[in-house]
Protein chains: 2
Amino acid sequence: MTARTSTESARDIPEATVARLPVYLRALTTLSEAGTGTCSSEALAAAAGVNSAKLRKDLSYLGSYGTRGVGYDVDYLRYQIAREIGVTQDWPVVIVGIGNLGHALANYSGFRSRGFRTVALLDADPTRHGEMVAGIEVQPFDDLESIVAEHGVAIGVIATPAVAAQAVADRMVACGITSILNFAAGVLSVPAGVDVRKVDLSVELQVLAYHEQRKAQGELA
Amino acid sequence: MTARTSTESARDIPEATVARLPVYLRALTTLSEAGTGTCSSEALAAAAGVNSAKLRKDLSYLGSYGTRGVGYDVDYLRYQIAREIGVTQDWPVVIVGIGNLGHALANYSGFRSRGFRTVALLDADPTRHGEMVAGIEVQPFDDLESIVAEHGVAIGVIATPAVAAQAVADRMVACGITSILNFAAGVLSVPAGVDVRKVDLSVELQVLAYHEQRKAQGELA
DNA sequence: TCCGTTTTGTTCTCCCGTTCACAAACTCCT
DNA sequence: AGGAGTTTGTGAACGGGAGAACAAAACGGA
């Protein structure tokens, strides 16, 4: 899934843990907004929907931020996780492909509130250029290079049809983007050192259908 | 992630394999449309973006559908996988929450082409009722029970704000839905026997940010 | 100060998933 | 018919993650 070229730093956190840290972060934010100052691993694990032993092990990769007999300081732990993930800094993002999904992504508040700032919406279709989406003007895809250079964009989101996705990814990589979130169907091939994460909506439904089918079979047996 | 109550059937396919079957299915469809009649595990693995040994082991859980020295018949294998997943049959689906994301989901062609038929779009906001989205009229959320009963819906999609998600899930479970695809933030609690899969867009970006941050640290070292 | 209580951090064990490697099986060519 | 070449299916080794269990550490009360 992820390709790494540079030398690993001192602490390397397991992938499974990295994927759960954002979940803990959200749970901590909820707790903080509810006025909770301190919480136990048991309570936080319940809020995040995981096993408490797993939670403690995950947090131990970051350091010892808890107090035995007491628990974790909600705001302190929240800051530590945010810093570790990198969401304390500002991440400029470009979204390519402003169809239905691109619209939804541009309007998604969960990005901005976590340090991701959409600096540009790009689309190859000239009839869409100039259209305002979520307060941002849709620009030509050919402006990609200048926008990436100007804002120092490292993360790109692909929400185009499947046929265009590889070409978009190639252009992104060529102008220096090193992390891609891909919503288009199919496999992207990118050089080593570029991370790609794929979200496929239909795959999720198909997994549910598989289990649903098995439930039905079990009933008539 | 998934809870199972009924007795397992004869063959139980590993979860990791189940999650990849839809990917193979898509790759096979692409090959078939390109006129390819037969393919090797190596070729299919490349198209699906996985290791060929892993692909062969995955397929071996379904049965022996290949021919040694030759490979797999594309259309035959495609049918077998589709049957195993359950996408040869028709799956009625309801989508609750017709905001930006709900719009995108309703218009997403990848659902319909895989046997998922959106039978209703529901929203609690009365000002949206009657609006036509993707050729379907938005109806009141309170119609959930009658719609589920009428169409025999087993799969529900939640695309509401986070605060409403648990209440929607509870109503879905109460009227017989046993599989839920959840796009809302936060943890859903459901009784055993109900499967929930969660898609969190901001989690994916945060994982990318973590790796991006580490790349940057590696460079200056 | 000392003891009981609570909760973290960590060790250990088990299980699932990935990958290698190879025998079995099939095709094609001579 | 037989051998060379190809490709599947699977046994076995390996690595990583999940969960149980416990020692270490902090707090509170007497």
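In the text below, chain A, chain B and the rest are named by the order of the sequence lines, each starting its count at 1. These values consider heavy atoms only, across backbone and side chains, with no hydrogens, waters or symmetry-generated copies. On a predicted model such as this, the values are computed, not experimentally measured, just so you know.
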Can you find a side chain N or O atom of A:T67 that sits less than 4.0 Å from OP1 or OP2 on C:dT8? no

Reckon B:N51 has a side-chain N or O less than 4.0 Å from the OP1 or OP2 of C:dG17? no

Are A:Q217 and A:R214 close enough, and set up right, to give a side chain to side chain donor-acceptor pair (under 3.5 Å), and what steps lead you there? CA-CA 5 Å; A:Q217 285 171 359; A:R214 310 235 5 194; 4.8 Å; no

Among C:dG9, C:dG17, D:dG17, which is the nearest nucleotide to the side chain of A:P14? D:dG17

Counting heavy atoms from C-beta on, name the nucleotide in C:dG17, D:dA20, D:dG9 closest to the side chain of B:S60. D:dG9

Can you spot which of A:V94, A:I98, A:V96 makes a side-chain contact (heavy atoms from CB on, under 4.5 Å) with A:L121? A:I98

Only one of A:N182, A:I180, A:L181 clears side-chain contact (heavy atoms from CB on, under 4.5 Å) with A:R197; which? A:L181

Nearest-angstrom distance from the residue atom [atom1] of [X] to [atom2] of [N]:
X     : N      : atom1 : atom2 : result
A:R56 : D:dA24 : CZ    : C1'   : 13 Å
B:K54 : D:dT10 : NZ    : C1'   : 17 Å
B:L44 : D:dT6  : CG    : P     : 20 Å
B:D58 : D:dT8  : CG    : P     : 14 Å
A:Y65 : C:dT10 : OH    : P     : 12 Å
B:Y72 : C:dT27 : OH    : P     : 15 Å
B:Y61 : D:dT8  : OH    : P     : 17 Å
A:L62 : C:dT10 : CG    : P     : 12 Å

Is the side chain of A:E212 donor-acceptor paired with the backbone N or O of A:L208 at a distance under 3.5 Å, no angle test? no

Using atom types as modelled and distance alone, determine if a side-chain donor or acceptor of A:Q89 lies under 3.5 Å from a backbone N or O of A:G115. no

Base C:dT10 paired with A:K57 side chain (donor-acceptor, <3.5 Å): no

What about A:R68: does its side chain form a donor-acceptor pair under 3.5 Å with the base of C:dT8? yes

